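These numbers come from the heavy atoms of this one structure, side chains and all, not from hydrogens, waters or symmetry mates. Whatever order the structure lists ligands and atoms in, that order sets their numbers, starting from 1. Just so it is clear, the model here is predicted, and its values are computed rather than measured.
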Amino acid sequence: MIKPEAVAAGHVGKIIDMILANGFRIHAMRYTRLSHHEAGTFYAVHKERPFYGELVDYMASGPIFAAILEKDNAVEDFRKLIGATDPAQAEEGTIRKRFAESKAKNAVHGSDSDANAAIEGAYFFSTRECY
Ligand code: CMP
């Protein structure tokens, strides 16, 4: 997912360029928007964390750009490409170093396992939107 602040700032194309330049293939992609309830469900794993309310409000605050990416070792390689959760800790050359504003407004989300990638992909896309 490209998150609301990065979409609003017009960074979608530049972020997709970085993703393609790093060897990922786009299996599905489009704009969408999460309701407050949907954002809460998507991030339910963080329900007990102090930042949960802020995160859910933020993720429902505007359109996002969702994509399913393909690559060998995609989950690990994408997490390397996006960089640390906190952009202040993110390495040079990462998406978050270049585009993230803060720990919450950190430009992109990447799935943390193949199992969650399958769940999150199916949340946004039907099979007829995947190629
Ligand atoms: P993401 O990769 O989408 O997964 C969980 C999100 O929670 C994370 O990116 C951040 O946007 C957010 N997050 C994690 N830690 C904090 C924090 N300390 N304060 C605010 N938001 C956070």
Side-chain angles (χ1 to χ4, degrees):
M1 269 193 289
I2 302 178
K3 298 188 179 185
E5 102 277 13
V7 171
H11 295 323
V12 169
K14 284 169 276 183
I15 292 173
I16 292 171
D17 268 354
M18 285 177 78
I19 290 169
L20 294 175
N22 280 271
F24 292 85
R25 185 183 165 276
I26 292 167
H27 184 58
M29 64 183 221
R30 71 171 145 74
Y31 284 113
T32 186
R33 188 168 179 157
L34 293 170
S35 68
H36 202 265
H37 178 76
E38 287 167 337
T41 305
F42 191 91
Y43 279 112
V45 61
H46 296 301
K47 214 175 180 121
E48 305 308 322
R49 310 284 284 274
F51 57 80
Y52 178 70
E54 176 196 1
L55 176 63
V56 170
D57 287 349
Y58 162 59
M59 289 303 296
S61 69
I64 58 154
F65 191 86
I68 302 177
L69 305 175
E70 284 180 345
K71 184 180 187 296
D72 286 344
N73 207 32
V75 166
E76 195 183 329
D77 287 359
F78 191 65
R79 292 178 78 77
K80 271 187 212 147
L81 175 62
I82 67 180
T85 303
D86 181 353
Q89 314 281 326
E91 286 181 36
E92 285 299 333
T94 61
I95 293 173
R96 284 174 172 160
K97 179 73 181 180
R98 196 166 157 201
F99 298 110
E101 284 181 17
S102 66
K103 253 192 222 177
K105 298 182 177 182
N106 63 357
V108 279
H109 164 81
S111 304
D112 64 4
S113 65
D114 286 350
N116 280 339
I119 292 167
E120 293 175 1
Y123 186 79
F124 286 118
F125 297 99
S126 64
T127 50
R128 68 186 295 184
E129 296 172 301
C130 297
Y131 297 97

Worksheet entry | Between Ser126 and Glu129, a side-chain donor and acceptor under 3.5 Å | yes
Worksheet, complete the sentence: For Tyr131, the hydrophobic cluster (side chain heavy atoms closer than 4.5 Å, chained through members) also holds none
Worksheet item: Near ligand 1, which protein residues have a heavy atom under 4.0 Å away?
Response: Lys3, Tyr43, His46, Phe51, Glu54, Leu55, Thr85, Arg96, Lys103, Ala104, Asn106, His109
Worksheet item: Any side-chain hydrogen bond (donor to acceptor under 3.5 Å, both in side chains) pairs touching residues 93-107, not counting sequence neighbours?
Response: Lys3-Asn106
Worksheet, complete the sentence: Heavy-atom nearest pair, Val56 first then Ala39, reads O-CB, 3.8 Å
Item to complete: Starting from Ile15, walk the hydrophobic network (Ile, Leu, Val, Met, Phe, Trp, Tyr; side-chain heavy atoms closer than 4.5 Å) and list everyone else you reach, by chain and number.
Response: Ile2, Val7, Val12, Ile16, Met18, Ile19, Leu20, Phe24, Ile26, Met29, Tyr31, Phe65, Leu69, Phe78, Leu81, Ile82, Ile95, Phe99, Val108
Worksheet item: Phe125 and Ile119: same hydrophobic cluster, using ILVMFWY side-chain contacts below 4.5 Å?
Response: no
